[in-house]
Engineer: 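One structure, as structure tokens, below. Some questions next.
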2 protein chains.
Amino acid sequence: MEISAKELRKKLEENNIRPSFQRIKIFQYLLNNRCHPTVEMIYDELHKEMPTLSKTTVYNTLNLFDKANLVRVLSFDGVESRYDINTKDHGHFICESCSNIYDFPIDINSLRFSQLEDFEIKEKNIYFKGLCNKCIN
Amino acid sequence: MEISAKELRKKLEENNIRPSFQRIKIFQYLLNNRCHPTVEMIYDELHKEMPTLSKTTVYNTLNLFDKANLVRVLSFDGVESRYDINTKDHGHFICESCSNIYDFPIDINSLRFSQLEDFEIKEKNIYFKGLCNKCIN
DNA sequence: TTCTCTGCAAACGCTTTGCACGGAT
DNA sequence: ATCCGTGCAAAGCGTTTGCAGAGAA
């Protein structure tokens, strides 16, 4: 399951991103922690093994990954952004109680909409809000 | 088309919101400007006729309306929030070039999804990104 | 050398908070 | 007299920017 540093390096280079030590580590973190982490979470965790790591670098790297479409940025409600490595079509469910974000499969092509005939749609985002099964009681 | 202050007052009271002068004005602005305005836009416009109005009051009022489900808060990408008085189910299209937000009709029940059987879904949000028909050239 | 990356500190922009005044009940 | 709404100023918080030093090409 663990992806080697060599492979990560290759993946980054395929996206025209120079594989620095920090970038590889952040990429690896995202692949191993598919919980839509915040910058804070990434920084806190990686800071333990890389004491000189700065938040600026985390921000820089994530913005770089975003531009290269390696991650998707999730921003709900104006709270801190969360980063999602899974680029396949899926919906997000945000629990209003525990703030967890759950992925769920969607059939994006089943959605019927209109009035966008002359528009170029690049990205379709779907998110639900409510209470997750743990918080529903 | 214009809604009288009397009716606005009534609508607010129905939602357990005391109809102060500022609240009525902001409510009226939202009803007359269905362009998903920002706090800045609301403040700038109303400030002209109410020089003592403060942004704090605009924020306070919009948060109040949000809690009462009179408006929906739209927050994409961490830029400033936008406020939508239209509470019917519809999608939002955000143009990456001109930043305009377009409403479009959706058939929310046509969307197929799974894995949320035990979840309580309170809100379904759909937004697309891309280029609008004016910016596509 | 030259160009890029990193990381500290400061700035930034939107939003919230603290608090005192004034109006309504 | 008490409660609530308003609005100024300040703080808060996530994020970006400026810049200098380190490192890679």
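Lettering of chains follows the sequences in order, A, B, ..., and the numbering in each one begins at 1.
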Engineer: When you measure only distances, ignoring hydrogens and angles, does the side chain of B:Ser54 come within 3.5 Å of the base of D:dC8 through a donor and an acceptor?
Structural biologist: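 Per atom types, no contact qualifies.
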Engineer: Take the protein atom CD of B:Glu13 and the nucleotide atom P of C:dA24, then report the distance between them rounded to whole Å.
Structural biologist: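 Distance, rounded to whole Å: 15 Å.
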Engineer: Between B:Tyr127 and B:Phe93, is the ring-ring contact (aromatic ring centres under 6.0 Å, His included) condition met? List the steps.
Structural biologist: CA-CA 6 Å; B:Tyr127 67 96; B:Phe93 181 94; over 10 Å; no
Engineer: Send over the distance from A:Leu46 CG to C:dT6 P, rounded to a whole Å.
Structural biologist: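 One finds 13 Å between P of C:dT6 and CG of A:Leu46, rounded.
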Engineer: Would you mind telling me which of C:dC5, D:dG14, C:dG7 lies closest to the side-chain atoms of A:Thr57?
Structural biologist: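 Per side-chain heavy atoms of A:Thr57, the pick is C:dG7.
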Engineer: Does the pair A:Glu13/A:Arg18 count as a salt bridge with the N-to-O cut at 4.0 Å?
Structural biologist: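 Salt bridge absent between A:Glu13 and A:Arg18.
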Engineer: Take atom CG of A:Leu74 and atom P of D:dG14, then tell me their distance rounded to the nearest Å.
Structural biologist: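 The distance from CG of A:Leu74 to P of D:dG14 comes to 17 Å, rounded to the nearest Å.
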Engineer: Please determine if a side-chain N or O atom of B:Ser20 lies less than 4.0 Å away from the OP1 or OP2 oxygen of D:dT6.
Structural biologist: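 B:Ser20 to D:dT6 OP1/OP2: side-chain N or O found under 4.0 Å.
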Engineer: Respond yes when some side-chain nitrogen or oxygen of A:Tyr59 is under 4.0 Å from OP1 or OP2 of D:dT16, and no when none is.
Structural biologist: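 Answer is no, no contact under 4.0 Å.
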Engineer: Nearest to the A:Arg23 side chain among D:dT16, D:dA9, C:dT6, which nucleotide is it?
Structural biologist: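 Comparing D:dT16, D:dA9, C:dT6 against the side chain of A:Arg23, the answer is C:dT6.
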Engineer: Could you tell me the separation between the CD1 atom of A:Ile17 and the P atom of C:dT6, rounded to a whole number of Å?
Structural biologist: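 Computing the A:Ile17:CD1 to C:dT6:P distance gives 11 Å.
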Engineer: Measure up the B:Phe128 and B:Phe104 rings against each other and bin them: parallel (under 30°), tilted (30 to 60°), perpendicular (over 60°).
Structural biologist: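 Ring orientation, 0 to 90° scale: tilted.
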Engineer: Measure the distance from CD on B:Glu80 to C1' on D:dT15 and round it to the nearest whole Å.
Structural biologist: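 Roughly 15 Å, once rounded to whole Å.
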Engineer: Just how far, in rounded Å, is P of D:dA22 from CD of A:Gln22?
Structural biologist: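 The answer, rounded to whole Å, is 15 Å.
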Engineer: Which nucleotide in the set C:dG7, D:dG14, C:dT15 lies at the smallest distance from any side-chain heavy atom of B:Ser81?
Structural biologist: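 Shortest atom-to-atom distance from the side chain points to C:dT15.
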Engineer: Which nucleotide in the set D:dG18, C:dT15, D:dG7 lies at the smallest distance from any side-chain heavy atom of A:Thr56?
Structural biologist: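 Closest of the options to the side chain of A:Thr56: D:dG18.
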Engineer: Select one nucleotide: of C:dT15, D:dG18, D:dG5, the one nearest the side-chain heavy atoms of B:Arg18.
Structural biologist: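 It is D:dG5.
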Engineer: Separation of B:Ile26 atom CD1 from D:dG5 atom C1', in whole Å?
Structural biologist: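 Checked: the CD1 to C1' distance equals 12 Å.
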Engineer: Please check if A:Tyr29 and A:Ile3 belong to a single hydrophobic cluster, counting links between Ile, Leu, Val, Met, Phe, Trp and Tyr side chain heavy atoms closer than 4.5 Å.
Structural biologist: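 Same hydrophobic cluster.
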Engineer: I need the CG-P distance between B:Asp66 and C:dC14, as an integer number of Å.
Structural biologist: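 Nearest whole value for this atom pair: 19 Å.
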Engineer: For A:Asn60 and A:Glu40, find the nucleotide of DNA chain D closest to each by heavy atoms; which residue's nucleotide sits nearer the 5' end?
Structural biologist: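 Of the two residues, A:Glu40 wins.
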Engineer: Closer than 4.0 Å, any side-chain N/O of B:Thr52 to the OP1 or OP2 of D:dG7?
Structural biologist: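 Yes, such a contact exists.
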Engineer: Determine, for A:Glu123 against A:Arg72, whether the closest basic-nitrogen to carboxylate-oxygen distance falls under 4.0 angstrom.
Structural biologist: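 Salt bridge absent between A:Glu123 and A:Arg72.
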